[in-house]
Every structure is written in C-alpha cells, then in structure tokens.
Amino acid sequence: VSKASYAYSRARGNELSPSELVVNINTPTEWTIITDEASASCKSIISESLKIRAEQYSEGGTIVRFVPNKKGIYAITCEGGELRGTILVQ
C-alpha cells in the first residue's frame, strides 16, 4: 500500500501541499486529505479522470483509497475549482 498526504489551507492563500502527488500504477493507495477549519467551504476534492471524489472531511483527515490503473498526470481540484494540483501515476 502506497500512502500519501495532501493538505490545503485558505489561511495560506489556498496553498496545496504538495502540489503533485506521485503514486505507482496498480498499487493500492491511501491518500489522506488534511484541511483546516477555515477551508471548510471547499467540501470536496475531485479527480474526475481517476474517479475520485472525497467529501465531508473528518477531523484529523479523510482517507481515500484507490488503485490507479493507468499511467498519466491527473488533475485534482475542489468543487469550486479554486484549489488545484495533480496526481502523477507512474
């Protein structure tokens, strides 16, 4: 299992950290999304191409589990499109 964390904060100007996640093809992945209270207006993180939609973050982080099955660079955004990043599947 590959594990990655992804955090964002409105207090830091909608900064995504890291702006790119790197994961391996056909490897079960646990992606932890961490946010601060001030970011609560962004209710979901989406990667349409990877069929990922994480909603309603829980305190301490939301864990999304997925298995990427195609190499490429996939966009990550919130439902409003304000926050952006990528997932690189290699």
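Between V89 and K70 the shortest side-chain heavy-atom distance does not fall below 4.5 Å. Annotation: side chain of L21 is in contact with side chain of W31 (closest heavy-atom distance under 4.5 Å).
To the nearest 0.5 Å, the span separating OH on Y74 from CD on E48 amounts to 13.5 Å. Note that CD1 of I76 and CD1 of I52 are 7.5 Å apart. Values are rounded to the nearest 0.5 Å. With rounding to the nearest 0.5 angstrom, the CD1 atom of I25 is 10.0 Å from the CD atom of Q90.
V67 and I63 fall into different hydrophobic clusters, where Ile, Leu, Val, Met, Phe, Trp and Tyr are joined by side-chain heavy atoms under 4.5 Å apart, directly or via other members.
The side chain to side chain contact (heavy atoms under 4.5 Å, CB included) test with P68 singles out one residue from I87, N26, N24, T29, and that residue is T29.
Judged purely by atom type and a 3.5 angstrom limit, S49 has no side-chain atom pairing as donor or acceptor with the backbone of S47.
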